Amino acid sequence: MKSIVILISGRGSNMEAIVHACQQENWPARIAAVISNKADASGLQFAASHGIATAVVDHKAFASREAFDAELAKAIDGFTPDLVVLAGFMRILTEGFVRHFQGRLLNIHPSLLPAFPGLHTHQRAIEAGCKLAGATVHFVTPELDHGPIVAQAVVPVLVGDTAEQLAQRVLTQEHRMYPAAVRWFVQGALDLTPDGRVLHRQQAPQLLGQLSPEA
């Protein structure tokens, strides 16, 4: 049975999707804890209501990013996780933290990486004239929003889309893709190659989402 710790900063809608999928699909895993850097993150209440341990490590209480990350790693290690999942965790992590959890740290980013790392991805996609947008699940590396890609979900960029409309369409696919990617990990279906690629042992689909306007 694999142990999963999820990090959030707010509601954590992807966290909710992962919790529901884990429970409903009877994964060989348990969500051991949900940890936030904000005490008022509403996702903590959701986790507690589902019998999941919660913890808060307030980044404002630390003088440096390194000190915060060290305390955060300590809190995570207390739950002996096989996998750490970033689900709307709005902190840039230090190289030391990433190295500590290397190979067992997943993130989801709202663009088709390597396009549009960083913030404001949906507006940037619209302004660039992209016809397709989406989201990417990847293993975390020290370089921000990079790392071996596990899966991607694709949606169309529609004429007249606002960033908010596109974001909602992408988020719907995130809620499908991220639980699937976490399930593949706990089932042992993912292999990391030395050259930084992800191989799917069970030929799981790596491209999710629909290309129709209704996606």
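As the structure is a prediction and not an experimental result, all values here were calculated from the model.
The two atoms that bring Trp27 and Val182 nearest to each other are CZ3-CG1, 3.5 Å, heavy atoms only. Taking all atoms of both residues into account, the shortest heavy-atom contact from Ile52 to Ala33 is CG2-CA, 3.8 Å. Residue Leu72 comes nearest to Phe89 through the heavy atom pair CD2-CZ, 3.8 Å, listed as atom of the first residue, atom of the second, then distance. In plain terms, the two heavy atoms of Met15 and Ala87 that are nearest each other are N-CB, 3.9 Å. Annotation for Val170 and Ala135: closest pair CG1-CB, 3.9 Å, computed over non-hydrogen atoms. The minimum heavy-atom distance linking Gly103 with Phe185 is given by the pair O-CE1, 3.6 Å.
In the hydrophobic clustering of ILVMFWY residues, with side-chain heavy atoms under 4.5 Å counting as a link, Ile108 and Val84 come out apart. Connection of Leu192 to Trp184 is established within a shared hydrophobic cluster, with ILVMFWY side chains joined at heavy-atom distances below 4.5 Å, either directly or through further cluster members. Residue Phe97 is not grouped with residue Ile6 when hydrophobic side chains (ILVMFWY) are merged at heavy-atom distances under 4.5 angstrom, including chains of intermediate members. Both Ile31 and Leu44 sit in one connected hydrophobic cluster of ILVMFWY residues. Membership requires side-chain heavy atoms under 4.5 Å apart, directly or through other members. In the hydrophobic cluster analysis, where Ile, Leu, Val, Met, Phe, Trp and Tyr join through side-chain heavy atoms closer than 4.5 angstrom, Phe62 is grouped together with Leu7.
Residues Val155 and Gln173 form a side-chain contact, since some pair of their non-hydrogen atoms from C-beta on lies under 4.5 Å apart. A heavy-atom distance below 4.5 Å is found between the side chains of Thr193 and Leu199. Two residues are said to be in side-chain contact when any heavy atoms from C-beta on lie closer than 4.5 Å; Phe101 and Ile76 meet this criterion. Two residues are said to be in side-chain contact when any heavy atoms from C-beta on lie closer than 4.5 Å; Thr141 and Pro148 meet this criterion. Counting heavy atoms from C-beta on, the side chains of Ile8 and Val34 come closer than 4.5 Å. You'll find the side chain of Ser3 reaches within 4.5 Å of the side chain of Arg30, heavy atoms only. Contact annotation: the side chain of Pro81 never approaches that of Leu83 to less than 4.5 Å [non-hydrogen atoms, C-beta and beyond]. For the pair Val85 and Asn14, the minimum side-chain heavy-atom distance is 4.5 Å or more.
When atom types are taken as modelled, the side chain of Arg124 and the backbone of Pro117 share a donor-acceptor pair closer than 3.5 angstrom. With hydrogens and angles disregarded, a donor-acceptor distance shorter than 3.5 Å links the side chain of Gln152 to the backbone of Leu113. With Ser36 contributing its side chain and Ala39 its backbone, the two residues share no donor-acceptor pair below 3.5 Å.
His100 and Asp77 share a donor-acceptor pair across their side chains, judged by distance under 3.5 Å alone. Residues Glu127 and Gln123 have side chains that bring a donor and an acceptor to within less than 3.5 angstrom of each other. In this structure, a donor-acceptor pair under 3.5 Å is present between the side chains of Asn37 and Ser9. Of the N and O atoms on the side chains of Ser13 and His175, at least one donor lies less than 3.5 Å from an acceptor on the other residue.
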- Derivation and outcome, side-chain contact (heavy atoms from CB on, under 4.5 Å), residues Ile4 and Phe79: CA-CA 8 Å; Ile4 301 170; Phe79 296 98; over 6 Å; no
- Yes or no on side-chain contact (heavy atoms from CB on, under 4.5 Å) for Leu86 and Leu106, after CA distance, side-chain angles and deciding distance? CA-CA 6 Å; Leu86 306 179; Leu106 285 180; over 6 Å; no
- Item | Derivation and outcome, ring pair (Phe, Tyr, Trp, His ring centres under 6.0 Å), residues His146 and Phe139 | CA-CA 8 Å; His146 285 71; Phe139 283 96; over 10 Å; no
- Task: Could you check His138 against Asn107 for side-chain contact (heavy atoms from CB on, under 4.5 Å), going step by step and ending with a plain yes or no?
- Result: CA-CA 6 Å; His138 64 99; Asn107 182 49; 3.2 Å; yes
- Item | Derivation and outcome, side-chain contact (heavy atoms from CB on, under 4.5 Å), residues Thr136 and Asp145 | CA-CA 9 Å; Thr136 303; Asp145 295 330; over 6 Å; no
- Message: Would Arg197 and Asp191 count as a salt bridge (charged side-chain N to carboxylate O under 4.0 Å, His left out) here? Give the steps.
- Response: CA-CA 8 Å; Arg197 293 179 297 119; Asp191 284 327; over 6 Å; no
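Within the model, atoms CD1 of Ile92 and CG of Leu144 stand 5.5 Å from one another, a figure rounded to the nearest 0.5 Å. With values rounded to the nearest 0.5 angstrom, Arg104 atom CZ is found 11.0 Å from Lys2 atom NZ. Atom CE of Met90 and atom CG of Leu119 lie 6.0 Å apart (nearest 0.5 Å). Distance check, rounded to the nearest 0.5 Å: CZ of Arg99 to CD of Glu95 gives 4.5 Å. With rounding to the nearest 0.5 angstrom, the CD atom of Gln168 is 9.5 Å from the NE2 atom of His122. Rounded to the nearest 0.5 angstrom, Glu71 CD and Asp58 CG are separated by 11.5 Å.
Sorted by first then second residue, the side chain to side chain donor-acceptor pair (under 3.5 Å) pairs that include residues 42-56, not counting sequence neighbours, number zero.
Note that Arg91 lies in the cation-pi zone of Phe68, set by a 6.0 Å cut-off to the ring centre and a 45° limit from the axis.
Using a cutoff of 4.0 Å between basic side-chain nitrogens and carboxylate oxygens, Asp40 and Lys38 are not scored as salt-bridged.
The only member of Val98, Thr94, Leu93 that meets side-chain contact (heavy atoms from CB on, under 4.5 Å) when paired with Pro142 is Val98.
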